[in-house]
Number of protein chains: 2
Amino acid sequence: MATKIRTERRTDALSKARIVEAAIEILDSEGEDALTFRALAARLSTGSGAIYWHVADKNDLLAAATDHVIAGVTADAVRGLRPQEVIRTLALGVFDAIHAHPWVGGQLSRNPWQDAVLRMLERIGSQVQALGVPERAQFNATTALMSFILGLAGQYAAGARVFPRHTDRSAFRKAFLETVAAKWAQLDPTEHPFVRQLATVLPEHDDREQFVAGIDLILAGMESVQ
Amino acid sequence: MATKIRTERRTDALSKARIVEAAIEILDSEGEDALTFRALAARLSTGSGAIYWHVADKNDLLAAATDHVIAGVTADAVRGLRPQEVIRTLALGVFDAIHAHPWVGGQLSRNPWQDAVLRMLERIGSQVQALGVPERAQFNATTALMSFILGLAGQYAAGARVFPRHTDRSAFRKAFLETVAAKWAQLDPTEHPFVRQLATVLPEHDDREQFVAGIDLILAGMESVQ
DNA sequence: TGATCTATTGGAACATCGTTCCAACCGTGT
DNA sequence: ACACGGTTGGAACGATGTTCCAATAGATCA
């Protein structure tokens, strides 16, 4: 028999899917740094060598985990007739995914050639096309949207890296922003007037609204150039 | 005597500035991964313990190196009367700095609370203000520009991570983009029509022009909302 | 059925890294 | 001359990603 159709050896047999699932659980509950092959092996009750039979290396594992999360976003059929609304919904889906899994942000911005980014590129690009942007400008417009999203993804991941795990994130976030704002408020007024002004609105600002505002700004730019 | 004014012990005495300088040399010539405390100690003909007396940890070292590069950009007096041109020049300065030192891109996007980012925020924000953007919208507009720049910074750093060191970067870059384009061209046409279309323009596109286009798109959005 | 074969497993071992620790050093002040 | 403290150099520690390999278990075949 040339092709081998393998039935599962045991119900708890190792597989890439099961490994990725366990990795995501660790990443979500204990943070980026907690994902080690030893911790993963312990959770799966196996050795690190067994994991390496299913996964090429840690990059491969993180890319698969990221793709798993992002696929859940891009798979949703997006409602809304106007392309602007579809783009906004897609982008917000990515934003919410990063909010729920901050490590995804770091992974997306660190490795732009992975499948997850390709998925986003396709979905957003097709809507840019539908928006009527001239073909020559579609490339720049789409990658501008992507760069903005990936840039914010990286910042979000950096923020999550500061917070301790297993705590009330929103409360800690507020305290953290207030600390930053306090530091900014003490900067030299002649050298940093704008940042000092930002400090007054920083602690109360809404991430999500800030994100949508950025998307809308780029969308508005696309319309005005058209 | 309460204050101690120390003359240098030797002309080759260790100092944070000298350490940062050596770190930048390693980062530029051998890439991000090559910067280890052992390599740094070897280049400075000392031990890692001595370095730790001047530098808190590797994050501190990388932040100082990044700040050194970015300070060189934001210190330049920017010419041009129109705020749009000033913003474009500033952004291009950062772009060129990242082009010359790809590791700066990774560092900027990974750690948005460091001094270098603060510098950029101040310079760009003040120009957004000069542009006449209403005060309530200044925060979102400025951070949108920053997110875009940081997003592209991360992608640029990721690209540099792929290339081997000590080679003709532009030639390798071309070959790499052609490889990516070839892979994209073989995707399922029904599932990835847009990315397949992008593949045709990917190898010849100009990074710098793409970057300016993104900046201009956001600037256009700011003007149209105004 | 029993022997064999191969995909898969579990964990020891290795190289490398960031970081800590500490004994020695050297210029300065008493 | 002596002691002191800022500074140095390198050994040592703990952790990580990865490799290596002997042992296993289920499928296949005689």
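Convention: sequence-line order gives letters A, B, ...; per-chain numbering from 1. In this text, all values refer to a predicted model and were calculated from it rather than measured experimentally.
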Can you tell me the distance, in whole Å, between the [atom1] atom of [X] and the [atom2] atom of [N]?
{"X": "B:Leu61", "N": "C:dG18", "atom1": "CG", "atom2": "P", "value": "10 Å"}
{"X": "B:Trp53", "N": "C:dA23", "atom1": "CH2", "atom2": "P", "value": "19 Å"}
{"X": "A:Leu40", "N": "C:dG10", "atom1": "CG", "atom2": "C1'", "value": "14 Å"}
{"X": "A:Ile19", "N": "C:dG10", "atom1": "CD1", "atom2": "P", "value": "11 Å"}

Handout entry: Under 3.5 Å: donor-acceptor pair, side chain of B:Ser147, backbone of B:Ala144
Key = no
Exercise for the section: Could you tell me whether a side-chain N or O of A:Thr179 sits under 3.5 Å from a main-chain N or O of A:Ala175, the two making a donor and an acceptor? Expected result: yes
Problem - Residue-level proximity of residues 102-117 of chain A to DNA chain C when a heavy atom falls under 4.0 Å - result: none
Problem - Aromatic plane relationship, B:Trp113 with A:Phe176 - under 30° parallel, 30 to 60° tilted, over 60° perpendicular - result: perpendicular
Practice task
Please determine if A:Lys16 and A:Asp60 form a salt bridge, counting it only when a charged side-chain N lies under 4.0 Å from a carboxylate O.
Solution key: yes
Exercise for the section: Nearest 0.5 Å please: distance from the CZ atom of B:Arg161 over to the CD atom of B:Glu32. Expected result: 5.5 Å
Handout entry: Side chain to side chain, A:Phe194 and B:Thr142, heavy atoms closer than 4.5 Å
Key = yes
Handout entry: Heavy-atom check, side chain of B:Ile215 versus side chain of B:Phe95, under 4.5 Å
Key = no
Completion exercise
Per-nucleotide protein contact along nucleotides 12-22 of chain D, 5' to 3', at a 4.0 Å heavy-atom cut-off (B base, S sugar-phosphate only, - neither), is B---BBBBB--
Exercise for the section: Decide yes or no on side-chain contact (heavy atoms from CB on, under 4.5 Å) for A:Val128 and A:Leu145, but give the supporting numbers first. Expected result: CA-CA 10 Å; A:Val128 169; A:Leu145 275 169; 4.0 Å; yes
Exercise for the section: Indicate, with a heavy-atom threshold strictly under 4.0 Å, whether B:Ser45 touches base, sugar-phosphate, or nothing. Expected result: sugar-phosphate
